[in-house]
Amino acid sequence: MSAGDAPLEVVGVEKIGSKPRNKEFYPFAYALLDSTKNEYCWTCLAETVKTTCEKCKVARFCSEKCQASGAFDHEYECAGLKKCPDLNTDERMLIRIIGRFKDIRDGKDKNINGFYEKRDSKRSVMEIWEHCEDMKKDENAMRAFKKLYTRVKEFGDKEHLVDEETAFQLHSRNFINRHSISNVDYLSEIGKGLYLDLCRYDHSCRPNAIYSCNGIVANLRALHDNVELENVETTHYTYIELPPCKIQRRHMLKDTWYFECHCDRCDDPDDNWLTAVICPTCVSKNEFRKTLKLHGSEAYVNQETLEIVCDTCKSSLDREYIYVALDGMRTIRKTIEGSEEYSSDPVELLKVYQGALLTYERILPMSNSYFCQLIAAMIPLVQQVNMTKKEKLIASLDLHAKCEPFVRYVYRYAHPSKAMHFFQMGQLHLELGNGKDAARYLVEAHRIMDYLFGSDHFRSRQTKGFMDYALSNLMTFQKTFVKVLENAPEAKKALEERMMTEEEKKALKDSQKSKKKNNKKKNKSNGKANGQQVNQQKGKNTNETSKICNDVDDDLDDLPELISEM
């Protein structure tokens, strides 16, 4: 990044320590996605299935034990699936919520074995937050509910049905509070879950906690040691993705959760750098990429005219240029969101993205969230184009490096998304033979993974394996390098001269000339002196070798301190 780029505040992992904190939550109700319902157990969400419900022929389980323990949850939907095997996720979820609510209301819950096993809560489902009135004003939301309730009423078990208004009350609470359930690798969503106690925690676009899943169990994890997970007033996680700019984030939150976010990040003027542009005058005159804000009161030199002036070249941004930049951001968003409409061929899609990148690279800086998201979308496509392996590695590493400052800004402290970015960069450096850089990124990635998930988690073990390999190679190279110097005087001498300053080289040259001149005149008288000088030179060479070895050690000092702790 150039000196003119936006000064995004970068927060590392320095606040994390050795005491990870997490809190477990069990769901009131949950359901697998339509795309995963045939691959995961309907009770524990294990990734292997061995048996199928004999009644509906749809629900699958990893064992007869799991089928038995999840029988009361499946009973709510079994009859409906028998009549309509393609009941979707929302329909199956609402059927389970209604069935469980009705059994509690009618007092049947006490007679159902395992009904409250680790699934009791401090709150009832009707006590959690809802936006019924907001949803009733939302035509699209009400249209979706009417369609949903019609299907539930048509195919659901009559014994486990409630009236439309009660169903709407339950649906509203589910829609507002449900969480995604991911697989154990934290890579993909496999289901939805309604966690009555987890949803007590508020949203923040600058979270100090995240939640991850292990089967149906949700874990709220602190991102550093100063977080008190029991305090719902000070602990926050995010309901949405973090890379979008403030305008996008507020739009997403308003559409689904009916509130305008005023978290620390949304009210931070620095977040307006995510919609910044490059000053056209600076970049055209001297290729200096000066970044200017478009949004926020601090962007305008005149609050009445909304004039934006570059403090470097003192030129005003033309309105037409601003419109072009804003249109570019919209175009990039639509291009990424509608990628399937452009092409299913990764090569063709990469060409589309490259075209957008070339069009806007002199308008939008690397701090701009739209531009960064475009680059991130290109990363997985690079591996599928027709290039040599080394060319793919270099291209992919270049895209990762461009995004790094943005990633560090968006994902604070021990966030797993930041760890995955560093892990991928470490792998790429390792394959390219950049041992020192590989070790640096892999150490930082492992520190985050180990803190969040513990040493036994798949991601922690995987990262540690690559990190140990990189560090081992680095230390082996250091030892080999020093050994080669000790056994190759000419190479050592050449390296010594290369490390000298210009003054030292001149002094050495003058000394050699003087010595040669004196040797011609005083060969005999200086014999003894020359012997002493040889010994001194040996001592000097020994010191120089020691200096070189120390320089190699010093070159490793900027690796994270965790290396020495290992």
Side-chain angles (χ1 to χ4, degrees), residues 1-11 205-206 240-252 261 265-284 287-300 306 308-313 315-339 350 352-379 398-412 417-418 421:
M1 297 178 76
S2 74
D5 283 318
L8 293 179
E9 181 192 5
V10 172
V11 176
C205 299
R206 188 171 283 167
I240 58 174
E241 294 180 350
L242 296 176
C245 66
K246 181 191 305 182
I247 299 170
Q248 283 181 291
R249 298 196 309 270
R250 282 182 168 170
H251 182 73
M252 288 187 285
C261 187
R265 180 180 169 191
C266 285
D267 288 343
D268 184 353
D270 282 349
D271 207 63
N272 290 320
W273 287 118
L274 271 60
T275 51
V277 299
I278 296 170
C279 174
T281 305
C282 286
V283 77
S284 63
E287 292 296 318
F288 182 66
R289 296 170 64 87
K290 175 64 178 179
T291 303
L292 304 175
K293 289 182 182 179
L294 290 186
H295 298 95
S297 59
E298 71 279 3
Y300 312 120
L306 301 183
I308 300 173
V309 177
C310 174
D311 58 7
T312 299
C313 67
S315 63
S316 297
L317 278 192
D318 183 73
R319 289 287 150 189
E320 187 63 31
Y321 181 80
I322 295 175
Y323 296 146
V324 169
L326 292 173
D327 185 64
M329 296 181 216
R330 285 191 291 267
T331 300
I332 289 173
R333 176 178 59 80
K334 291 177 181 177
T335 301
I336 296 174
E337 291 177 353
S339 59
L350 184 60
V352 172
Y353 289 164
Q354 285 177 321
L357 186 146
L358 292 172
T359 301
Y360 299 110
E361 66 178 352
R362 292 176 68 85
I363 300 175
L364 305 178
M366 280 307 307
S367 63
N368 187 285
S369 67
Y370 295 89
F371 197 66
C372 241
Q373 289 176 73
L374 175 64
I375 292 176
M378 295 170 66
I379 290 175
D398 179 60
L399 294 175
H400 276 85
K402 282 182 166 65
C403 293
E404 183 183 341
F406 181 78
V407 168
R408 288 184 181 275
Y409 169 77
V410 170
Y411 300 111
R412 301 298 178 102
S417 295
K418 180 164 63 177
H421 191 84

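Since we're looking at a predicted model, the values are computed, not measured. One is the number of the first residue; the rest follow in order along the sequence.
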Counting N and O atoms only, with roles assigned by atom type, does the side chain of Lys290 sit under 3.5 Å from a partner on the main chain of Cys282, one being a donor and the other an acceptor? no
Under 3.5 Å, side chain of Tyr300 to main-chain N/O of Leu294, donor-acceptor pair present? yes
Can you tell me how far the [atom1] atom of [X] sits from the [atom2] atom of [Y], to the nearest 0.5 Å?
X	Y	atom1	atom2	result
Cys279	Tyr321	SG	OH	7.5 Å
Leu292	Ile308	CG	CD1	7.5 Å
Tyr411	Ser417	OH	OG	4.5 Å
Leu242	Arg206	CG	CZ	10.5 Å
Cys372	Ile332	SG	CD1	10.5 Å
Ile278	Phe371	CD1	CZ	7.5 Å

The test is side-chain contact (heavy atoms from CB on, under 4.5 Å); show your working for Arg362 and Glu287 and say whether it passes. CA-CA 9 Å; Arg362 292 176 68 85; Glu287 292 296 318; 3.3 Å; yes
Shortest non-hydrogen contact from [X] to [Y]?
X	Y	value
Thr275	Tyr370	CG2-CE1, 4.2 Å
Cys403	Ile375	SG-CG2, 3.5 Å
Val324	Tyr360	O-CE2, 4.4 Å
Pro243	Ser369	O-CB, 3.4 Å
His400	His421	O-NE2, 3.0 Å
Met378	Leu357	SD-CD1, 3.7 Å

Can you confirm whether [X] sits close enough to [Y] that some side-chain heavy atom of one is under 4.5 Å from a side-chain heavy atom of the other?
X	Y	answer
Leu364	Leu374	no
Arg250	Ile240	no
Thr281	Cys310	no
Leu317	Pro280	yes
Pro244	Met252	yes

Result for side chain to side chain donor-acceptor pair (under 3.5 Å) between Asn272 and one of Glu298, His295, Lys293 points to Glu298
Against Gln373, only a single residue in Met329, Arg333, Gln248 fulfils side-chain contact (heavy atoms from CB on, under 4.5 Å); can you say which? Gln248
Apply side-chain contact (heavy atoms from CB on, under 4.5 Å) to Leu274 and Leu8, showing your working. CA-CA 9 Å; Leu274 271 60; Leu8 293 179; 3.9 Å; yes
side-chain contact (heavy atoms from CB on, under 4.5 Å) evaluation trace for Ile379 with Lys402: CA-CA 11 Å; Ile379 290 175; Lys402 282 182 166 65; over 6 Å; no
Taking 4.0 angstrom as the limit, do Lys418 and Glu404 come out as a salt bridge? no
Is there a side-chain contact (heavy atoms from CB on, under 4.5 Å) between Arg249 and Cys266? Walk through the geometry before answering. CA-CA 9 Å; Arg249 298 196 309 270; Cys266 285; 3.3 Å; yes
Distance-only side-chain donor-acceptor flag, Tyr409 / Asp271, under 3.5 Å: yes
Is it the case that over 12 heavy atoms from other parts of the model lie below 6.0 angstrom from the CD atom of Glu241? no
